[in-house]
Amino acid sequence: MSIYEHYRKEEYAFVDQVLDWKEMVANEYRFKVTDFLDPRQQHILSTLIGKSDEVRVSFWGGHSAPERMRAILYPDYYTPEESDYSVSTYEITYPSKFVTIEHPHILGSLMSIGIKREKFGDIISTEERYQVVLADEVADYVLVNLESIGKAKVRLEKVNRESLIEGVKETDEQFVTVSSMRVDSVVSEAFRLPRAKVKVAITGEKIKVNWKIVDNPSYTIHKGDVLSVRGFGRCEILELEGETKKGKHRIILGFPK
């Protein structure tokens, strides 16, 4: 059985990369730090490393409840330290009394100055405070070039562990009724998209469930699943509220703020 049978075609390149990392660590007896990985990539990496006697893996995302994390692949004799991950967290300071910023604004501003998504981790927040986790190799560039987010003038200040915001998910909840728990039906209602447009998004591999591309319109959605549509955002299935008298499903969605 080929190892690739467990993965989608678009994941083959990452699988190959992980296997190369594993071989390098085993042959050269040194650790390898990855970029920030989403939960699907973390799963693939953990699975491919398995319970190897030669190579092990650990993760760190810069705060207590990370979603995106860097990984370290290391020889069995080595014990990784937090500093090995080359991750730092920065507070975004801005005139919060006069302007507001949101998660999408921060994400867009970082990418607009040329920072690839894999070079920064979670954007964590509580009330009006925001912090962003950066790879150390891009931090100086971000500090110099990130001057504004939306209409807000900003600056970044490095924070220590004691000043970290606890990783709390802030969401806007939305109640919808769907004809079925098929992915095409839920996505259509969640993002206010016509079914024809959802069909195009599915065939174009633009829809993911739990960070994995779904190409089957009848794929069943469950409580806790995270849906994302490229260009439209993402949401989580927070609650299933049962069925209406007409057999429709009542669900509560959570959209990241």
Side-chain angles (χ1 to χ4, degrees), residues 11 14 17-18 21 31-50 55-74 78-93 101-111 115-139 141-143 146 149 156-172 208-212 223-228 233-238 254-257:
E11 295 174 333
F14 183 69
Q17 190 172 50
V18 171
W21 291 337
F31 69 80
K32 164 66 182 177
V33 183
T34 74
D35 286 332
F36 286 95
L37 307 176
D38 65 35
R40 173 62 182 170
Q41 292 170 318
Q42 294 165 33
H43 172 75
I44 293 173
L45 175 54
S46 296
T47 302
L48 291 173
I49 298 301
V55 180
R56 298 177 183 178
V57 63
S58 61
F59 299 90
W60 171 239
H63 65 106
S64 61
E67 177 179 287
R68 300 177 63 85
M69 295 189 282
R70 295 190 98 167
I72 289 182
L73 290 77
Y74 58 97
Y78 189 76
T79 301
E81 297 181 0
E82 191 172 301
S83 60
D84 291 333
Y85 293 91
S86 297
V87 165
S88 299
T89 304
Y90 294 82
E91 183 97 15
I92 300 173
T93 62
I101 61 175
E102 296 179 355
H103 183 285
H105 302 152
I106 301 168
L107 178 66
S109 295
L110 285 167
M111 299 187 74
I115 301 299
K116 295 181 179 180
R117 187 62 186 94
E118 57 266 27
K119 289 299 181 182
F120 62 97
D122 293 350
I123 299 167
I124 48 181
S125 64
T126 177
E127 297 179 348
E128 296 176 343
R129 289 181 63 199
Y130 290 90
Q131 294 176 351
V132 60
V133 184
L134 298 175
D136 288 346
E137 61 266 26
V138 302
Y141 177 86
V142 174
L143 293 177
L146 187 64
I149 295 174
L156 270 60
E157 298 179 356
K158 191 173 182 177
V159 298
N160 56 30
R161 181 178 283 275
E162 290 71 30
S163 300
L164 288 174
I165 296 173
E166 291 295 324
V168 176
K169 293 182 180 179
E170 292 193 352
T171 59
D172 286 323
K208 294 182 180 181
V209 178
N210 300 328
W211 297 273
K212 183 177 180 180
K223 178 181 176 180
D225 283 349
V226 176
L227 314 181
S228 62
R234 73 178 188 180
C235 67
E236 181 178 353
I237 311 301
L238 298 179
F255 292 84
K257 289 186 177 180

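Reckoned from all heavy atoms, side chains included, excluding hydrogens, waters and symmetry mates. When a residue number appears, it is its place in the shown sequence, counting from 1.
Considering all non-hydrogen atoms of both residues, S88 and K158 come closest at OG-CE, 3.4 Å. Considering all non-hydrogen atoms of both residues, A71 and Y85 come closest at C-CE2, 4.4 Å. Taking both residues in full, the closest heavy atoms of G61 and P66 are given as CA-CB, 3.7 Å, listed atom of the first, atom of the second, then distance. Contact detail for L107 and I123: the closest heavy-atom pair is N-CD1, 3.8 Å. Closest heavy-atom contact between R234 and F255: O-CD2, 3.5 Å. The shortest non-hydrogen separation linking S109 to L146 is CB-CD1, 3.9 Å.
Summarising the geometry, atom CG belonging to D225 is positioned 6.5 Å from atom CD1 belonging to I237; distances are rounded to the nearest 0.5 Å. Atom CG of L227 sits about 9.0 Å away from atom CD of E236, to the nearest 0.5 Å. We find the CD1-CD distance between I124 and E91 to be 9.0 Å, quoted to the nearest 0.5 Å. To the nearest 0.5 Å, atom CG of residue N210 and atom NE2 of residue H43 are 11.0 Å apart. Interatomic distance, K32 NZ to D84 CG, rounded to the nearest 0.5 Å: 13.5 Å.
Under the rule for a side chain to side chain donor-acceptor pair (under 3.5 Å), the partners of S163 that lie at least two apart in sequence or sit in another chain are N160. Partners of K119 under the side chain to side chain donor-acceptor pair (under 3.5 Å) rule, at least two apart in sequence or in another chain, are D35, E137. Remark: R117 pairs with no residue by the salt bridge (Lys or Arg N to Asp or Glu O under 4.0 Å) rule, at least two apart or across chains. With sequence neighbours excluded, the residues satisfying side chain to side chain contact (heavy atoms under 4.5 Å, CB included) with T89 are Q131, V133, V159, L164. Applying the side chain to side chain donor-acceptor pair (under 3.5 Å) criterion to D38, with sequence neighbours excluded, gives no partner residue. Applying the ring-ring contact (aromatic ring centres under 6.0 Å, His included) rule to Y78 yields the partners F31; only residues at least two apart in sequence or on another chain are considered. With sequence neighbours left out, E11 forms a side chain to side chain contact (heavy atoms under 4.5 Å, CB included) with Y7, R8, R40, I44, K212. Under the salt bridge (Lys or Arg N to Asp or Glu O under 4.0 Å) criterion, K116 pairs with no residue, sequence neighbours left out. Every residue two or more places apart in sequence or in another chain was checked for a side chain to side chain donor-acceptor pair (under 3.5 Å) with S46, and none qualifies. Listed by chain and number, the residues in a salt bridge (Lys or Arg N to Asp or Glu O under 4.0 Å) with E82 are R161 (sequence neighbours excluded).
Within the 4.5 Å cutoff, the side chain of Y90 has heavy atoms near those of the L143 side chain. For the pair V132 and L156, the minimum side-chain heavy-atom distance is below 4.5 Å. T34 has its side chain within reach of L73: a pair of non-hydrogen atoms, C-beta onward, lies under 4.5 Å apart. Side-chain contact between F36 and D122 is absent, with no heavy-atom pair separated by less than 4.5 Å. Side-chain contact check for W21 versus V55: every heavy-atom pair is 4.5 Å or farther apart.
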For this session: Go through the steps for Y130 and I165 under the test side chain to side chain contact (heavy atoms under 4.5 Å, CB included), then give the verdict.
Result: CA-CA 8 Å; Y130 290 90; I165 296 173; 5.9 Å; no

Exercise. Where do I72 and W60 land on the side chain to side chain contact (heavy atoms under 4.5 Å, CB included) test, with the steps shown first?
Worked result: CA-CA 9 Å; I72 289 182; W60 171 239; over 6 Å; no

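The main-chain N or O of S86 is found under 3.5 Å from a side-chain atom of R70 such that the two form a donor-acceptor pair. Using modelled atom types, one side-chain atom of Q42 and one backbone atom of L37 make a donor-acceptor pair closer than 3.5 Å.
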